[in-house]
Amino acid sequence: QVQLVESGGGLVQAGGSLRLSCAASGRIFSGYAMGWFRQAPGKEREFVAAISWGGGSTYYAESVKGRFTISRDSAKNTVYLQMDSLKPEDTAVYYCAAGGGTAQLMARVRPAYWGQGTQATVFS
């Protein structure tokens with residue numbers, strides 16, 4: 001089993017920044033990509049960003065490209081999502097995810113493991 005615990009959500013004004021963290025524990029296998037998804041009220045969960053196990057490959061949704069940055073510390077089994085230039089439409093519950101495969105694959109194939117989510121609210 002893999003456990004994922006997110007932190008760092010909160011309330012921020014448009015144009016501001018938030019940094020999300022996700023700590024993974026349990027049977028994290030080498031080769032797992034990690035990433036972030038989000039779900040806004042009344043909408044389906046959508047892919048945000050993913051990063052390969054070694055951190056050398058990243059993949060972003062078009063809606064966040066250039067504003068969000070995903071990174072990871074493999075020694076700590078932790079992944080981060082730096083969110084800058086936030087917009088009200090970024091308001092959502094953000095979920096950490098982990099699964100086998102590449103960062104790009106995570107955008108198309110539902111990951112195996114999920115965290116409980118952390119709320120990020122952007123007001124104008």
Side-chain angles (χ1 to χ4, degrees):
Q1 267 297 13
V2 174
Q3 294 80 42
L4 303 173
V5 178
E6 304 97 334
S7 61
L11 184 67
V12 65
Q13 191 169 17
S17 299
L18 284 174
R19 190 191 193 212
L20 307 183
S21 299
C22 172
S25 61
R27 299 183 65 187
I28 291 288
F29 292 104
S30 176
Y32 269 26
M34 294 185 72
W36 293 91
F37 289 70
R38 67 186 181 185
Q39 188 166 17
K43 295 187 177 181
E44 293 187 354
R45 193 172 298 188
E46 64 175 1
F47 170 79
V48 175
I51 188 166
S52 61
W53 174 255
S57 177
T58 58
Y59 190 70
Y60 295 92
E62 285 297 323
S63 59
V64 306
K65 198 173 291 184
R67 301 188 297 121
F68 291 11
T69 303
I70 189 169
S71 60
R72 72 187 293 169
D73 184 337
S74 295
K76 296 182 180 179
N77 284 335
T78 300
V79 64
Y80 306 96
L81 186 67
Q82 177 67 40
M83 305 189 294
D84 299 320
S85 302
L86 283 162
K87 305 175 182 179
E89 50 264 45
D90 294 317
T91 294
V93 177
Y94 283 74
Y95 296 90
C96 179
T102 65
Q104 191 168 1
L105 184 66
M106 185 171 280
R108 299 193 299 273
V109 178
R110 184 179 175 90
Y113 303 102
W114 294 88
Q116 293 300 307
T118 184
Q119 175 73 44
T121 302
V122 185
F123 63 93
S124 57

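Along the sequence shown, residues are numbered consecutively beginning with 1.
Panel note: side chain S52, backbone T102; no donor-acceptor pair is recorded below 3.5 Å. With hydrogens and angles disregarded, a donor-acceptor distance shorter than 3.5 Å links the side chain of E6 to the backbone of C96. Panel note: side chain S85, backbone R67; no donor-acceptor pair is recorded below 3.5 Å.
For the pair Q119 and T91, the minimum side-chain heavy-atom distance is below 4.5 Å.
Residues A98 and P111 approach most closely at O-CB, 3.6 Å, considering heavy atoms. Nearest heavy-atom pair across V64 and V48 is CG2-O, 3.5 Å. Residue S17 comes nearest to D84 through the heavy atom pair OG-OD1, 2.7 Å, listed as atom of the first residue, atom of the second, then distance. Nearest heavy atoms, Y95 versus G115: CD2-O, 3.6 Å. Annotation for M83 and A120: closest pair CE-CB, 4.2 Å, computed over non-hydrogen atoms. Here the closest heavy-atom approach between residue A103 and residue S57 is recorded as CB-O, 3.8 Å.
One hydrophobic cluster holds both M106 and W114 under the rule that ILVMFWY side chains link at heavy-atom gaps under 4.5 Å. When hydrophobic clusters are built by joining Ile, Leu, Val, Met, Phe, Trp and Tyr residues whose side-chain heavy atoms come closer than 4.5 Å, directly or via intermediates, Y59 is not grouped with I51. When hydrophobic clusters are built by joining Ile, Leu, Val, Met, Phe, Trp and Tyr residues whose side-chain heavy atoms come closer than 4.5 Å, directly or via intermediates, Y113 is grouped together with W53. If you chain together hydrophobic residues whose side chains sit under 4.5 Å apart, V79 and F68 fall into the same group. A continuous path of hydrophobic side-chain contacts links I70 to L18 [ILVMFWY only; heavy atoms under 4.5 Å].
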Report, one line per pair, each donor and acceptor closer than 3.5 Å where one atom sits in a side chain of residues 33-42; sequence neighbours left out.
unit_1, atom_1, unit_2, atom_2, d
R38, NE, E46, OE2, 2.6
R38, NH1, D90, OD1, 2.9
R38, NH1, Y94, OH, 3.0
R38, NH2, E46, OE2, 3.2
Q39, NE2, K43, O, 3.1

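Between L105 atom CG and R110 atom CZ the span is 14.0 Å, to the nearest 0.5 Å. Rounded to the nearest 0.5 angstrom, S25 OG and K76 NZ are separated by 15.5 Å.
Within 6.0 Å of atom CD in E44, 12 or fewer heavy atoms from other residues, nucleotides or ligands are found, so the atom counts as exposed in its surroundings. Dense packing is recorded around CD of Q3, with more than 12 heavy atoms of other residues, nucleotides or ligands lying under 6.0 Å away.
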Side chain to side chain contact (heavy atoms under 4.5 Å, CB included) evaluation trace for Y80 with D73: CA-CA 8 Å; Y80 306 96; D73 184 337; 4.3 Å; yes
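Other residues sharing a hydrophobic cluster with F123 under the 4.5 Å side-chain heavy-atom criterion for ILVMFWY residues are L11.
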